> 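First the structure, which I've put down as structure tokens, then a few questions once you've had a look.
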Amino acid sequence: QLYEVEEDKTRLETRLDGVMEKLSSATDDKHRVEMSMDDMRLNLTETRAENINLSENVEELQGQIEGLTQQLQLSFLSGGRKSLAPSTAHCHFNACDMTNVSLDADDSVTCNSFGENM
């Protein structure tokens, strides 16, 4: 009977060693997961802060767009042109017959139908 007890003890020690290895592995996994969670929390906090900044920027830009839209509407209503941008209403297009176009040695383009350098 002593032999059976020794055999059971050896078998239980082997099982205990296996359980301890699994426990150690699970503990290591738990620590890795906790570190990952900490990293995720930090990233989430930084992302939220960035999102708040971007939301504030969007609100500011929307306000600027509204202000510019009002200025544009007032400009049209007042009949005056307040923009320094060139007007597309006064754009002139010089048509040229491209069949007689040649490149000279100085790389200037000549249009023979008008006799002008372009």
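Keep in mind that this is a model prediction, so the values were computed, not measured. Side chains included, hydrogens not; waters and symmetry mates left out as well; all remaining heavy atoms used.
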> If only atom types and distance count, is the side chain of Ser24 paired as donor or acceptor with the main-chain N or O of Met20 below 3.5 Å?
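No; zero donor-acceptor contacts below 3.5 Å.
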> Please check if the number of heavy atoms outside Glu4 that lie under 6.0 Å from its CD is greater than 12.
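Counting neighbours around CD of Glu4, 12 or fewer heavy atoms of other residues, nucleotides or ligands fall under 6.0 Å, so no.
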> How many angstroms lie between CG in Leu12 and CD in Glu7, if you round to the nearest 0.5 Å?
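Answer for the CG-CD pair, Leu12 versus Glu7, is 11.0 Å.
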> Just by distance, do the side chain of Ser25 and the backbone of Glu21 share a donor-acceptor pair under 3.5 Å?
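It does not hold such a pair.
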> Go through the steps for Glu56 and Glu60 under the test side chain to side chain contact (heavy atoms under 4.5 Å, CB included), then give the verdict.
CA-CA 6 Å; Glu56 290 171 356; Glu60 181 181 336; over 6 Å; no
> Give a yes or no on whether a salt bridge exists between Lys30 and Glu34, defined as a side-chain N under 4.0 angstrom from a carboxylate O.
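Yes.
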> Distance check, rounded to the nearest 0.5 Å: Leu42 atom CG versus Thr47 atom OG1?
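The OG1 atom of Thr47 is 9.0 Å from CG of Leu42, to the nearest 0.5 Å.
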> Measuring from Glu6:CD to Thr10:OG1, what's the distance to the nearest 0.5 Å?
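OG1 of Thr10 is found 6.0 Å from CD of Glu6.
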> For Leu23, is there any backbone N or O sitting under 3.5 Å from a side-chain donor or acceptor partner on Thr27?
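Yes: the side chain of Thr27 pairs with the backbone of Leu23.
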> Between atom CG of Leu72 and atom CD1 of Ile65, what is the distance when rounded to the nearest 0.5 Å?
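CD1 of Ile65 is found 12.5 Å from CG of Leu72.
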> Should we say atom CD of Glu50 is surrounded by more than 12 heavy atoms from elsewhere, each under 6.0 Å from it?
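No - once you tally the heavy atoms of other residues, nucleotides and ligands closer than 6.0 Å, there are 12 at most.
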> Distance check, rounded to the nearest 0.5 Å: Leu44 atom CG versus Met37 atom CE?
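It is 10.0 Å, given to the nearest 0.5 Å.
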